[in-house]
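Reviewing the structure listed below.
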Amino acid sequence: MDLSIIFKIAAVGLITAVINQVLKRADKDEIATIVTLAGLVIVLIMIINMIGQLFDTLKTVFGMY
């Protein structure tokens, strides 16, 4: 596992938090919620991709096809 994935997840979180706060200050609470959910989906896609790579590696290590 690479340490850069942690930094990518943290960057998505920080950007999402900043955009969320800006939109809440502008009284756009609905859009702020959508932005937060979009950030969550992006992180979940990154994690699902990593889990897929883990399973591929496990199949290779144990010789399963």
Side-chain angles (χ1 to χ4, degrees):
M1 185 172 112
D2 199 8
L3 192 63
S4 66
I5 191 71
I6 295 172
F7 291 129
K8 289 178 185 177
I9 291 172
V12 170
L14 285 173
I15 292 170
T16 303
V18 168
I19 293 173
N20 188 1
Q21 290 300 317
V22 168
L23 288 171
K24 282 191 176 190
R25 299 266 186 212
D27 291 332
K28 305 286 184 183
D29 291 331
E30 295 86 11
I31 299 173
T33 303
I34 292 172
V35 168
T36 303
L37 289 175
L40 179 65
V41 168
I42 290 169
V43 171
L44 285 176
I45 290 171
M46 292 168 56
I47 292 173
I48 289 171
N49 187 19
M50 288 180 53
I51 291 172
Q53 291 174 354
L54 173 67
F55 285 138
D56 289 340
T57 304
L58 287 175
K59 285 193 313 191
T60 303
V61 167
F62 292 116
M64 293 184 269
Y65 297 104

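The figures that follow rest on heavy atoms only: side chains count, while hydrogens, waters and symmetry mates do not.
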Group every Ile, Leu, Val, Met, Phe, Trp and Tyr by side-chain heavy-atom contacts under 4.5 Å, then state whether Val43 and Phe7 land in the same group.
-> yes
Going only through I, L, V, M, F, W and Y residues with side-chain contacts under 4.5 Å, is there a path from Met46 to Val41?
-> no
Other hydrophobic cluster members with Ile48, side-chain heavy atoms of Ile/Leu/Val/Met/Phe/Trp/Tyr under 4.5 Å, chained?
-> none
Please round to the nearest 0.5 Å and tell me the distance separating atom CG of Leu3 and atom CD1 of Ile6.
-> 5.0 Å
Return a table of donor-acceptor pairs under 3.5 angstrom between the side chains of residues 49-57 and protein atoms on other chains or two or more places apart.
from: Thr57; atom 1: OG1; to: Gln53; atom 2: O; distance (Å): 2.9

Would a hydrophobic clustering, with Ile, Leu, Val, Met, Phe, Trp and Tyr connected at side-chain separations under 4.5 Å, put Ile5 with Ile47?
-> yes
Verify same cluster id: Ile42, Ile45 (apolar side-chain graph, 4.5 Å) = no
Could you list all the side chain to side chain donor-acceptor pair (under 3.5 Å) pairs where at least one residue sits in residues 4-13, not counting sequence neighbours?
-> Asp2-Ser4
Could you list the donor-acceptor pairs under 3.5 angstrom formed by side chains in residues 13-37, with sequence neighbours left out?
from: Thr16; atom 1: OG1; to: Val12; atom 2: O; distance (Å): 2.7
from: Asn20; atom 1: ND2; to: Thr36; atom 2: OG1; distance (Å): 3.1
from: Thr33; atom 1: OG1; to: Asp29; atom 2: O; distance (Å): 3.0
from: Thr36; atom 1: OG1; to: Ala32; atom 2: O; distance (Å): 2.9

